[in-house]
Amino acid sequence: MTTMATQGAWLRMTSSPKSVAKSTVTSKELGFLTSQLSGIRISHAPSDVINRISVPSFPGIQPIVARRICPFTGKKANRANKVSFSNHKTKKLQFVNLQYKRVWWEAGKRFVKLRLSTKALKTIEKNGLDAVAKKAGIDLRKK
């Protein structure tokens, strides 16, 4: 492996020894690009793409968490100003009051565990779970 100083570029092209000797290169003999920043190998050949892409594992990175959006009402975080006594304004986020709740689904004859806002919970109590889920386009059978 050569160092970054001797490469001279962020991306380097690696290919098989057969394709270097030939003047015409077919699509199967094309190599792949390796990014020095992320380590992801990007294949040029249309075949065998899945086997050529490799993503390095980083132990410090956390898994992807669910977004703070209510699936029933579409409510999401509001961008607001935090105003101090001296009237100095700094940006802050006002998050939705999301709750994990087990709701009885009458059509499925079972409980469904949902993450929804308190506004959606009031709407479900008023109109029913089936009506609110149908309006939001949510299929309750998957959960």
inquiry  = Taking L98 as the starting point, is it possible to reach V103 by hopping between hydrophobic residues whose side chains are less than 4.5 Å apart?
reply    = no
Cluster check L129, L121: I/L/V/M/F/W/Y, side chain < 4.5 angstrom = yes
ask   = CZ of R141 to CZ of R110: how many Å apart, nearest 0.5 Å?
value = 10.5 Å
Side chains of T90 and K82 in contact at under 4.5 Å (non-hydrogen atoms) = yes
message = With heavy-atom distances below 4.5 Å as the criterion, would you say the side chains of N97 and S117 are in contact?
response = no
ask   = Taking a hydrophobic cluster as the set of Ile, Leu, Val, Met, Phe, Trp and Tyr residues connected by side-chain heavy atoms closer than 4.5 Å, whether directly or through intermediates, do I124 and I138 fall within one such cluster?
value = yes
message = Once rounded to the nearest 0.5 Å, what's the spacing between atom OG1 of T73 and atom CG of L116?
response = 8.5 Å
key: Pairwise distance OG(S84) to NZ(K89) - rounded to 0.5 angstrom   = 8.5 Å
message = Nearest 0.5 angstrom please: K101 NZ to K113 NZ, how far?
response = 12.0 Å
query = Given the rule that I, L, V, M, F, W and Y join up when any side-chain heavy atoms are under 4.5 Å apart, are L114 and V132 in one cluster?
reply = yes
Closest heavy-atom pair and its distance - P71, R115 = CD-O, 3.3 Å
ask   = Are any non-hydrogen side-chain atoms of N81 and K92 less than 4.5 angstrom apart?
value = no
query = At their closest point, which heavy atom of A120 faces which heavy atom of F72, and how far apart are they?
reply = CB-CB, 3.9 Å
request  = Provide the closest heavy-atom pair for D130 versus A107 in the form atom of the first, atom of the second, distance.
outcome  = OD2-CB, 3.6 Å
